[in-house]
Amino acid sequence: MSSNEQPSAPTNFIRNRIIRELDAGQYERIVTRFPPEPNGYLHIGHAKSIVLNFALPEEFGGYTNLRFDDTNPEKEEQRYIDAIKEDVCWLGYEWKNECYASDYFETLYNYALHLLDNGLAYVDEQDADAIREQRGTLTEPGTNSPHRDRSVSENRLLFERMRNGQLPDGACVLRAKIDMTASNINLRDPVIYRIRHQEHPRTGNDWCIYPSYDFAHGQSDAIEHITHSLCTLEFEDHRPLYDWLVEHLPVPSRPHQIEFARLNIDFTVLSKRRLTRLVDEGHVSGWDDPRLPTLAGLRRRGFTPESIRNFCTEIGVTKSESIIPFGVLERNLRDDLNVRAPRRMAVLKPLKLVLTNFPEGETEWLEAANHPQNPDMGTRNVPMTREIFIEQDDFLEEAPKKFFRLKPGGEVRLRNAFIIRCDEVVKDEAGNLVELHCTVDHETRSGQPGADRKVKGTIHWVSAEHAVKAEVRLYDRLFKVPHPGGDKERDFVEHLNEQSLEVLHDARIEPGTEQSQVGDFFQFERLGYFVPDPDGTSDAPVLNRAVTLRDTWAKLEKQLRQG
Ligand code: ATP
Ligand code: MG
């Protein structure tokens, strides 16, 4: 790419098709929709679909509807609708119309009457098992229902009785009359309406028959003048039915369905059914548990909308299934926060250190850069006192040669401060480490002649007097294996990682950090990127580690592979 060329949106087969169609003058504008069923929270797989559906009209002109596919009243709830809207907004997208398949129930009912009147549908009183048996298989054609050829008037009468609540659940269904010998099983007289005496969150008790997904979906697209109906590959075999319905109904527009591969990520699950189980059975604390791949969980964990959008753009859109490593998602967050997150200091597992030649009772405020590469982010003053905390891991009494942190007699630089030497290791009677006594080399302070003196290690620290006690939550993969449930048909919950959450109750954070609000983020130097959790307050802060500074998993996995 030459230097004056603009980076263009990542290309994919759907975008290429749209470019061709626009060149051929087939559309004036692109209209897409994101069609969640409000029976759970959105997950990162949905984000892939959202980014695709919103990015195309944004690029080519047009708009995107948010359509709730609310045709199954048993599992759908208002709280899911609210959560879905919040998540789409949070990702940074604005839909043009907020639509509900249930808004079209009357129209869909009239479409069903249209099919009946044209001899293209019939009421079938057989039970689900009989209908299934007659469907045939991939190699054998289906057989006609004994009710397939009833008259239009008889069909209408029965369908009206279904609609008027005169028949119990399961008494009969409405089927499209297509072809029981079609090679595509979806065309073998699919069920398009079922009786369900069930209150609906939006239409209440207005209806006791509900359209099938296939009947509602395409017609809703047509009613909304959707030009491109993007969905995942499992609906590819439904496309002939989608097209058949659009062709045979007096719909106001002709949408086209295009399928793409769904997103899969290792070490997690991306299915609402499985996620619902994790929540309902209490394996996690709720839909927004930071270990879940739900957007609410990722947000609470500390993921930014930018990082998720970048991830979705990076993985692209294809027609072949693949499994993306969880680390790719984390890398996108790291890349985003590395640039934007202000730096702070914190100690997760504190070890007390006394600076014996630092004046007692005094606080010295040392200037520290908020970002090492970005002076525009300014500086802050961090308090230094005679007693500080360092990380337990940063001291080793019997240290190997390559250990460049603190060891008896050794030197280390305290980040944003000066070099210290460890003179004495203080232990209690039982031999447990109590504290370290060190001396400051005052010559190595900023502005002093020894300021540039190099030692191999730099460690972080906080003032024992000024630091604020905090709870810190560290997260690991939710599952122990890349493909929970795996090929052996094991129950996926058996693969949960019991160590996926580690809670530290005695962490200390740089003063001021406790005032941060949900939505803020920072890097604790050497430890990772952290965000305040809604469980915390400024008096009792709770922080989540969103991601470590380096991909420790990739390293671990490599070691495992190398044996
Ligand atoms: P699940 O399998 O998790 O229940 P779903 O497809 O039933 O998901 P919907 O609410 O119907 O959930 O999905 C709304 C839209 O999001 C659909 O167009 C669907 O194809 C898309 N979608 C769902 N999961 C993924 C995924 N993993 N990757 C890409 N798109 C997805
Ligand atoms: Mg679905």
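Here, residue 1 is the first one in the sequence, and each next residue gets the next number. Model, not experiment: these values are computed from the prediction. In listed order, ligands and their atoms are each counted from 1.
Contact between I226 and T32 at its shortest, heavy atoms only, is CD1-O, 3.6 Å. In plain terms, the two heavy atoms of I178 and L187 that are nearest each other are CB-O, 3.2 Å. Considering every non-hydrogen atom in both L275 and V269, the closest pair reads CD2-O, 3.7 Å.
Contact analysis puts H43 in contact with ligand 1, with a non-hydrogen atom separation below 4.0 angstrom. Remark: distances from the non-hydrogen atoms of F235 to ligand 1 are all 4.0 Å or more.
Checking only distances, E37 does come within under 3.5 Å of ligand 1, N or O to N or O. Remark: ligand 1 and H46 share an N or O pair separated by less than 3.5 Å (distance only, no angle test). Ligand 1 has no N or O atom lying under 3.5 Å from any N or O atom of P36, backbone or side chain. Taking any N or O of R273, backbone or side chain, none lies under 3.5 Å from an N or O belonging to ligand 1. Any N or O atom pair closer than 3.5 Å counts here, and L263 shares at least one such pair with ligand 1.
In summary, the atoms of ligand 1 found under 4.0 Å from a heavy atom of P35, numbered by their order in the structure, are 14 (C), 18 (O). Close approach to S271 involves these atoms of ligand 1, each under 4.0 Å from a residue heavy atom: 3 (O). Atoms of ligand 1 found under 4.0 Å from any heavy atom of T232, numbered from 1 in the order shown, are 19 (C), 20 (O), 29 (C), 30 (N), 31 (C).
We find that R299 and E86 are joined by a salt bridge, their nearest charged nitrogen and carboxylate oxygen being less than 4.0 Å apart.
Checked against salt bridge (Lys or Arg N to Asp or Glu O under 4.0 Å), E74 has the following partners two or more places apart in sequence or in another chain: R196. Here N12 pairs with nothing under the side chain to side chain donor-acceptor pair (under 3.5 Å) rule; sequence neighbours left out.
No side-chain donor-acceptor contact under 3.5 Å links N497 to the backbone of L478.
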